[in-house]
Amino acid sequence: MDDVLPVGFSSPVYDSASWVELRRRYAEWVEAHGYRYIETPVVEYTELFRRTAGETSDIVSKEMYTFEDAGGRSLSLRPEGSASVCRAVLEHGLAASGTGLKFYYVAPMFRAERPQRGRYRQHTQLGLEIFKETDPTADAEVIAVLHGFFRRIGLDQLTVHINSVGSPACRPAYRETLLAYLRTHADRLSEDSQRRLETNPMRVLDSKDPRDADIVAGAPVMIDHLDDECRAHFDGLQAALRAVGVPFTINPRLVRGLDYYAKTAFEVTCESLDGAIKVIGGGGRYDGLIEQLGGPATPAVGFGSGIERVLLALESQGIRLAEPRAPRAAVLYLDDSARTDAFALAMRLRAAGIETDYSYKPRGFSKQLQAAAKAGVRFAILVGGDEWARGEVVLKDLRERTQDALHPDALIPRLT
RNA sequence: GCGGGUGUAGCUCAGUUGGUUAGAGCACCGGAUUGUGGAUCCGGGGGUCGGGGGUUCAAGUCCCCUCAUCCGCCCCA
């Protein structure tokens with residue numbers, strides 16, 4: 001049977017040790033910044049994503065795994081994280097419980113699209129969200145935490161792109177200005193961009209089609225049409241990023257795929273990766289999202305970052321977060337009559353926190369020793385024979401090539 | 001969702017104009033070695049040839065469909 005939702009299990013992404021280490025380092029990093037873990041369901045009512053991401057967004061219109069439950073209600077596997085977190089925060093009354101609500105998650109996301117390198121039907125996002133804070137230092141914090149995490153795990157060649165996509169107060173007027181401009185050049189736009197003209201005109205600015213390049217270059221951009229509030233917020237964001245030493249570039253044509261963004265939008269790209277998968281993290285502010293769900297007006301800002309792409313980025317720069325673990329010890333039996341005793345001793349050592357190998361099936365002693373050496377085990381403990389009859393085991397240091405006999409109770413201090 | 005490349009052992013791959021029982025290297029297991037090292041030598045287990053259908057006396061090989069994977073789009077992390 002094949003995987004229903006391939007998750008990129010080919011190396012280097014499926015490197016168990018690095019995977020675990022990345023998650024551990026992320027949790028440690030964001031906990032130090034005051035974020036708390038939140039777990040939300042993998043499946044939600046389809047309505048949630050329709051109302052938040054937007055009916056016309058690609059994610060909702062063609063990329064969701066949607067099905068009916070036994071009661072005929074439409075469910076979807078979550079395609080992104082923010083909507084679920086907002087729903088949970090709203091449902092459990094957290095939005096009313098104070099300020100400074102900061103959550104993080106590490107969770108699988110699902111999108112029914114054509115898999116490629118760095119793009120999978122199931123991928124895992126590291127994410128976080130701050131609720132109820134409107135100050136641009138909150139936006140700057142989110143960006144700085146993401147950028148800082150990437151730097152901390154050793155990534156280089158990072159670019160932070162920021163933009164403001166305006167607010168419901170100033171975006172509609174800009175949208176009309178942009179639309180008017182684009183329509184005068186509509187006949188020269190690429191087919192894709194002519195389609196975007198109808199669905200999401202701001203997306204034309206993001207076009208990679210060379211035919212659109214000169215038209216896009218002359219197009220009006222949102223940051224020249226911000227109202228006073230959005231302008232002040234964008235200026236405040238830049239000042240805050242400078243204050244914490246996060247380098248950034250303003251990209252007036254940066255547009256995000258979901259409808260719910262307001263003011264800040266950002267992406268972090270890694271220049272050692274190619275094409276679309278350079279984007280290893282992105283996010284922004286979505287002040288209207290909780291209100292769209294029927295809750296109180298609740299400002300929010302956050303990001304999502306795909307673990308698989310981060311691991312590809314690390315790999316492209318020759319960075320390994322962790323080497324595969326080798327067991328510390330192996331308990332070997334000299335003959336089969338000592339096998340059960342060896343098993344019992346291995347379990348004692350494991351209970352004491354020492355990773356210990358043991359061969360479940362009968363094998364010759366020499367084979368056991370070979371296997372231990374090959375696995376990179378440091379200490380072999382020999383059970384059986386004359387020493388065992390005297391109540392002792394042989395402790396063998398495979399690296400130093402030394403050995404001595406001792407009582408089993410004296411093992412643990414020698415192994416730690 | 002669109003266009004193209006590739007699917008043979010756990011991994012990397014070979015397999016002739018269609019022809020008998022599908023191979024190699026690495027890995028794994030066993031023996032040489034009834035109590036001491038990753039080597040060496042010898043031996044062994046492993047395959048719905050991605051899946052389904054078709055053409056044929058005969059299909060890993062040809063045709064169709066499908067699934068997966070890789071690359072490029074749309075779009076995204």
Side-chain angles (χ1 to χ4, degrees), chain A residues 1-11 13 53 56-64 79-82 106-127 146 190-193 195-196 199-200 203 206-209 255-258 267-270 273-283 303-313 326 330 332-338 359 361-378 380-388 394-403 405:
Chain A
M1 295 276 280
D2 296 320
D3 290 330
V4 175
L5 302 168
V7 290
F9 267 170
S10 56
S11 65
V13 168
T56 59
S57 68
D58 279 54
I59 280 183
V60 168
S61 62
K62 63 176 190 182
E63 292 178 357
M64 284 205 299
E80 58 95 25
S82 295
V106 180
M109 305 295 164
F110 305 85
R111 293 180 196 170
E113 56 186 352
R114 190 77 152 224
Q116 291 179 27
R117 178 178 169 83
R119 203 183 63 179
Y120 309 101
R121 288 181 181 163
Q122 175 174 342
H123 73 281
T124 309
Q125 279 191 25
L126 309 170
L146 179 61
S190 65
E191 299 78 15
D192 280 334
S193 287
R195 182 176 46 74
R196 293 184 185 109
T199 55
N200 190 345
R203 205 153 260 308
D206 207 26
S207 171
K208 286 143 217 136
D209 194 309
V255 180
R256 306 237 74 222
L258 304 172
E267 289 181 351
V268 179
T269 56
C270 180
L273 292 175
D274 297 318
I277 69 165
K278 289 168 79 153
V279 182
I280 56 175
F303 71 69
S305 170
I307 290 186
E308 294 80 359
R309 285 190 185 174
V310 173
L311 289 173
L312 286 171
L332 316 183
Y333 43 88
L334 289 168
D335 54 80
D336 200 54
S337 67
S359 174
K361 64 183 172 190
R363 295 177 98 186
F365 172 72
S366 178
K367 290 290 184 189
Q368 294 178 62
L369 188 58
Q370 272 183 36
K374 197 166 184 178
V377 167
R378 173 73 188 276
I381 295 118
L382 284 47
V383 175
D386 300 339
E387 294 87 348
W388 189 242
V394 175
L395 174 62
K396 186 175 172 61
D397 184 325
L398 297 188
R399 194 172 73 194
E400 304 299 325
R401 292 178 176 265
T402 58
Q403 67 179 52

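All chains are named by letter (A, B, ...) in the order of the sequence lines, taking the proteins before the strands, and each is independently numbered beginning at 1. Here the structure is a predicted model, which means the values were calculated and not measured.
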Minimum heavy-atom separation for A:V377 and A:A330, please, with both atom names.
CG1-N, 3.6 Å

Against A:E267, only a single residue in A:R256, A:K278, A:R309 fulfils salt bridge (Lys or Arg N to Asp or Glu O under 4.0 Å); can you say which?
A:R256

Residue that, paired with A:Y120, satisfies side chain to side chain contact (heavy atoms under 4.5 Å, CB included) out of A:E308, A:M109, A:E113:
A:E308

Expressed as a whole number of angstroms, how long is the span from A:I277:CD1 to B:C75:C1'?
14 Å

Between B:A59 and B:G50, how many Å separate the two P atoms, rounded to a whole number?
15 Å

Using a 4.0 Å heavy-atom cut-off across all strands, classify A:E113 as base, sugar-phosphate, or nothing.
base

Expressed as a whole number of Å, how far does the C1' atom of B:G35 sit from that of B:A27?
28 Å

Could you give the distance separating B:A39 and B:G52 at their C1' atoms, to the nearest angstrom?
48 Å

A:Q122 CD - B:U69 C1' separation (whole Å)
17 Å

With P as the reference atom in both, quote the distance from B:A9 to B:G51 in angstrom, rounded to an integer.
10 Å

Before giving the answer on side chain to side chain contact (heavy atoms under 4.5 Å, CB included), spell out for A:I280 and A:L312 the whole-Å C-alpha distance, their side-chain angles and the decisive distance to 0.1 Å.
CA-CA 9 Å; A:I280 56 175; A:L312 286 171; over 6 Å; no

Check whether any side-chain N or O of A:R117 sits under 4.0 Å from OP1 or OP2 of B:G72, and answer yes or no.
no

To the nearest angstrom, how far is A:E267 atom CD from B:C75 atom P?
13 Å

Closest listed nucleotide, where the reference is the side chain of A:K367 and the choices are B:A77, B:A68, B:G30
B:G30

Could you work out which one of B:A77, B:C75, B:C73 sits closest to the side chain of A:Q116?
B:C73

Non-hydrogen atoms of A:A338 and A:V383 that approach each other most closely
CB-O, 3.6 Å

Distance, rounded to the nearest Å, where A:D209 contributes CG and B:C75 contributes P
10 Å

Distance check needed: B:U34 P versus A:L332 CG, whole Å only.
16 Å

To the closest 0.5 Å, what do you measure between CD1 (A:I381) and NZ (A:K396)?
12.5 Å

Would you classify A:G281 as touching base, sugar-phosphate or nothing, given that sugar-phosphate means primed atoms plus P, OP1 and OP2, and contacts are heavy atoms under 4.0 Å?
sugar-phosphate

Residues A:D209 and A:S207: side-chain donor-acceptor under 3.5 angstrom
no

What distance, rounded to whole Å, do you find between the two P atoms, one in B:G18 and one in B:C2?
33 Å

Compare every heavy atom of A:A380 with every heavy atom of A:L398, then report the nearest pair and how far apart it is.
CD2-CB, 4.2 Å

What closest approach, in Å, do A:Y333 and A:F365 show between heavy atoms, and which atom pair accounts for it?
O-CD1, 3.8 Å

The residue, A:R256 or A:D274, whose nearest nucleotide of RNA chain B is more 5′ is A:D274

Using a 4.0 Å cut-off on protein heavy atoms (strictly under), produce a 5'-to-3' string for nucleotides 36-45 of chain B with B for base contact, S for backbone-only sugar-phosphate contact, and - for none.
BBB-------

Side-chain donor or acceptor of A:Q368 paired with backbone N/O of A:R363 under 3.5 Å
yes

Considering only atom P, compute the distance from B:U48 to B:U61 and round it to an integer number of Å.
16 Å

Once you round it to whole Å, what is the distance between C1' of B:C75 and OH of A:Y120?
16 Å

Rounding to a whole Å, what distance do you find between A:M109:CE and B:C75:C1'?
17 Å

Before you tell me yes or no, could you show the steps for A:H123 and A:I307 under side chain to side chain contact (heavy atoms under 4.5 Å, CB included), namely the whole-Å CA-CA distance, both residues' side-chain angles and the distance that decides it to 0.1 Å?
CA-CA 7 Å; A:H123 73 281; A:I307 290 186; over 6 Å; no

Quote, to the nearest angstrom, the C1' distance that separates B:G46 from B:C28.
9 Å

Heavy atoms only, 4.0 Å cut-off, all strands: where does A:G118 land among base, sugar-phosphate and nothing?
base

Would you indicate what A:D335 reaches in the nucleic acid, counting non-hydrogen atoms under 4.0 angstrom: base, sugar-phosphate, or nothing?
nothing

The dot-bracket string of RNA chain B, counting Watson-Crick and G-U wobble pairs with both distances under 3.5 Å, using [ ] for crossing pairs and | for pairs to another strand, is (((((((..((((.....[...)))).(((((.......))))).....(((((..]....))))))))))))....

With rounding to the closest Å, how many angstrom separate the P atoms on B:C11 and B:C49?
16 Å

